[in-house]
2 protein chains.
Amino acid sequence: MTHDRAPTLDDVARAAGVHKATASRALNPATRDQVRAETARRITVAARRLGYVPNTIARGLRTSRTAAVGVLIPDLTNPLFPPIVRGIQDRLEQNGYTALLVNTDGDEARERAEFAALRSRRVEGFIVATARRRHPLLTEAVREQISFVTVNRSVELPGVPAVVGDDADGVTQAVAHLRSLGHTRIAHLAGPQDLSTGAVRLRAFQHAAPSSPVVECAAYTEAAGRTAAGHLFEHFADTTAIVAGNDLIALGALAVICARGRSCPRDVSVVGYNDMPFADRFRPPLTTVHVPHHEMGAQGAQLLLERLRDPGSPARTVLLPARLTVRGSTAPVR
Amino acid sequence: MTHDRAPTLDDVARAAGVHKATASRALNPATRDQVRAETARRITVAARRLGYVPNTIARGLRTSRTAAVGVLIPDLTNPLFPPIVRGIQDRLEQNGYTALLVNTDGDEARERAEFAALRSRRVEGFIVATARRRHPLLTEAVREQISFVTVNRSVELPGVPAVVGDDADGVTQAVAHLRSLGHTRIAHLAGPQDLSTGAVRLRAFQHAAPSSPVVECAAYTEAAGRTAAGHLFEHFADTTAIVAGNDLIALGALAVICARGRSCPRDVSVVGYNDMPFADRFRPPLTTVHVPHHEMGAQGAQLLLERLRDPGSPARTVLLPARLTVRGSTAPVR
DNA sequence: CTGAAAGCGCTTACAG
DNA sequence: CTGAAAGCGCTTACAG
């Protein structure tokens with residue numbers, strides 16, 4: 001990166017008139033007290049003067065501790081993930097760790113390739129936001145004793161730490177809210193059932209509103225929400241309220257309601273899920289279940305860090321509270 | 001990460017009955033033809049059987065090529081940056097590189113610390129989305145011949161490659177659009193003037209609408225936009241159109257317009273800048289200048305990659321086209 | 001308290 | 001075409 005080779009520990013040692021082993025000890029806070037204070041000071045000064053930057057790569061090779069973890073997400077441009085990633089980064093950084101972030105776009109082959117690339121960079125563990133309920137790659141990872149935790153979604157595998165939102169409670173709150181507004185014809189636009197969030201939210205909906213219409217969306221996207229909402233209104237035209245699998249699906253539903261010449265919340269109320277950024281600025285402002293995404297990321301990082309420190313510790317699952325946030329997309333039934 | 005030590009090149013070599021140097025050559029596509037085809041095959045099979053994953057760290061130490069670059073952004077949860085980062089990641093990945101992403105939160109000390117940490121991880125160069133017009137850290141980086149490019153914003157330093165939007169043209173389009181709607185009392189809520197985007201957009205505005213009101217915002221945030229819009233209406237209550245420094249500032253202006261009992265676009269038209277995700281779903285849907293952020297990131301990565309390949313190549317600046325996107329927040333003057 | 005030596009897992013000029 | 005050796009920049013048990 002620079003023309004004249006970056007200074008090494010040996011350069012510093014020579015400048016301070018000591019052996020590089022001593023320089024190493026002086027510069028590492030954990031071993032600094034093994035060297036005479038005056039010597040240590042001389043070394044520190046020399047290091048600063050030369051602009052010495054320790055080579056983390058070399059240290060990692062020697063100690064096999066890279067202070068890096070891999071983070072798998074579906075797609076950074078999905079508004080759900082930036083706050084989660086930020087939470088991960090913040091907590092990791094507090095502990096001197098770095099995140100290596102990759103997008104899988106929901107593509108299994110791509111995920112495998114990225115996973116291998118991250119392993120070749122010797123990350124110490126993984127934070128996985130791409131978990132599916134059945135997940136061959138993660139099954140193998142467990143078998144190979146690779147440290148990882150999942151966030152937002154969980155995998156149906158014992159012994160995997162996870163941080164998830166209390167989706168069952170969130171959906172229950174959403175249904176109760178709609179009921180309190182007088183709605184009785186409530187439908188669910190369910191998320192993909194191969195994801196834990198999709199399955200848990202659907203089950204909670206069925207429990208809260210037995211024998212109500214359900215249409216499954218192919219993905220957590222606006223387009224999928226639009227398709228599903230189309231089907232819903234074809235078969236259940238008298239629906240007055242929708243619990244959407246997430247905010248993007250809700251956006252799709254909103255578009256369909258509008259396209260059919262009806263209005264939200266006057267004719268149909270809609271509740272989203274996640275409280276994505278700027279959901280309060282939408283037209284109409286979206287009533288939705290808030291999930292603490294930054295906290296989710298931070299706790300996920302915390303769990304992994306604990307795992308790395310003590311691989312034998314029991315796998316914890318952290319359930320984060322969901323909170324219904326009432327805005328303009330829900331109103332009393334007419 | 002696993003209990004039984006991960007297999008090394010030496011393990012593979014032994015399994016295949018060759019020297020590790022030969023195994024190295026066989027497994028590296030660039031040197032594979034230096035070894036007899038049959039031998040190479042045997043080695044490949046052994047590698048796969050053992051589940052060998054090359055140690056990028058060790059390779060990096062030996063070759064001093066880490067295939068990693070540092071990416072500096074203000075804050076990942078600012079909706080401007082995910083598409084830029086995604087563009088960077090995508091292009092980098094195509095070239096076998098990885099991005100190490102850090103947030104600075106606009107804090108200079110933090111930026112310095114992160115920069116040093118990234119250097120200690122021996123990134124080969126930097127993609128900087130945090131550039132200020134005067135930027136001591138970047139000035140030093142130039143002096144130390146560190147490879148870097150800026151994206152979105154530029155630094156007033158010669159020889160630094162940059163990818164920026166055509167902000168002057170974007171603002172010119174915005175003003176022309178408002179003029180065509182009959183507006184004559186047009187104001188600018190300018191971005192921070194220590195950033196190139198803030199300065200360029202302001203200059204273009206002053207050129208397009210000489211002696212029109214301008215209020216500078218302290219930051220590219222909704223809160224700053226609210227404050228600035230408050231000042232604007234205090235002094236220029238008859239303003240009928242606003243060109244906002246960016247979409248977040250526009251959102252602040254919208255809130256103030258509403259709070260003053262007036263309505264957008266009926267009483268005041270507002271044009272944003274950036275076309276942030278979901279700007280079309282806002283109330284009202286935001287007329288704004290679209291900037292190709294994914295492309296911006298991709299080109300930034302491309303520029304850096306070229307720089308790394310040929311450090312002597314001249315510093316290019318790429319100007320990406322801006323395109324006014326008319327939606328619901330602008331209307332004919334009453 | 002400090003030094004000398006070994007070694008982390010690779011790659012690559014140098015021999016043969 | 002393959003092997004033996006050196007070395008990338010560190011850390012750390014082992015001596016002294």
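We name chains A, B, ... by the order of the sequence lines, and we start the count at 1 in each one. All values reported here derive from a predicted model rather than from experimental measurement.
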- With respect to the side chain of A/A21, which nucleotide from D/dC1, C/dA4, D/dC10 is positioned closest? C/dA4
- Would you say A/S24 reaches D/dC10's phosphate, i.e. side-chain N/O to OP1/OP2 under 4.0 Å? no
- Item | Whole angstrom value for the distance that separates C1' of D/dT11 from CG of A/L9 | 9 Å
- Kindly compute the distance separating OG (A/S196) from CZ (A/R153), expressed to the nearest 0.5 Å. 7.0 Å
- Query: Base, sugar-phosphate, or nothing for A/D11, non-hydrogen atoms under 4.0 angstrom?
  - Reply: nothing
- Query: Atom CZ of A/R42 and atom P of C/dC1: how far apart are they, to the nearest Å?
  - Reply: 14 Å
- Message: Closest approach to the side chain of A/V35, judged atom by atom: which nucleotide of C/dT2, D/dG9, C/dG9 is it?
- Response: C/dT2
- From the list D/dT12, C/dG9, D/dC10, which nucleotide is the closest neighbour of the side chain of A/R25? D/dT12
- Query: How long is the line joining CD1 of B/I57 and P of D/dT11, in whole Å?
  - Reply: 14 Å
- If pairing means Watson-Crick or G-U wobble with both distances under 3.5 Å, then the partner of D/dA13 is none
- So does A/R316 have more than 12 non-hydrogen atoms from other groups sitting under 6.0 Å from CZ? no
- Query: How long is the span from the OG1 atom in B/T150 to the CD1 atom in B/I127, to the nearest 0.5 Å?
  - Reply: 10.5 Å
- For A/K20 and for A/R36, find the nucleotide of DNA chain C with the closest heavy atom, then tell me which residue's nucleotide is more 5'. A/R36
- Query: CG/B/L72 to CZ/B/F148 distance, rounded to the nearest 0.5 angstrom?
  - Reply: 10.5 Å
- Of D/dT11, C/dT2, D/dT2, the nucleotide closest to the side chain of B/T39 is D/dT2
- Query: Is B/E93 paired with B/R86 through a side-chain N to carboxylate O contact shorter than 4.0 Å?
  - Reply: no
- Any idea which of C/dG9, C/dT11, C/dG3 is nearest the B/A58 side chain? C/dG9
- Would you mind telling me which residue lines up with the more 5' stretch of DNA chain D, B/G17 or B/L61, judged by nearest nucleotide? B/G17
- Task: Mind calculating the distance between CZ (B/R121) and P (D/dG9) to the nearest angstrom?
- Result: 18 Å
- Message: Measuring to OP1 and OP2 of D/dT11, would you say a side-chain N or O of A/T63 lies under 4.0 angstrom away?
- Response: no
- Item | Rounded interatomic separation in angstrom, taking CD from B/Q34 and P from C/dA15 | 17 Å
- Item | Closest listed nucleotide, where the reference is the side chain of B/N55 and the choices are D/dC10, C/dG3, C/dG9 | C/dG9
- Nearest listed nucleotide, side chain of A/R62, among D/dA4, D/dT12, D/dC8: D/dT12
- Charged N-O contact under 4.0 Å between B/E306 and B/R309: no
- Message: From CG of A/L27 over to P of D/dT11, roughly how many Å is that when rounded to an integer?
- Response: 9 Å
- Could you check how far CG of A/N28 sits from C1' of D/dG9, rounded to whole Å? 15 Å
- Item | Distance in angstrom units between B/R14 CZ and D/dT2 C1', rounded | 17 Å
- Message: Could you tell me the Watson-Crick or G-U partner of C/dA4, where both distances fall under 3.5 Å? Say none if there is no partner.
- Response: none
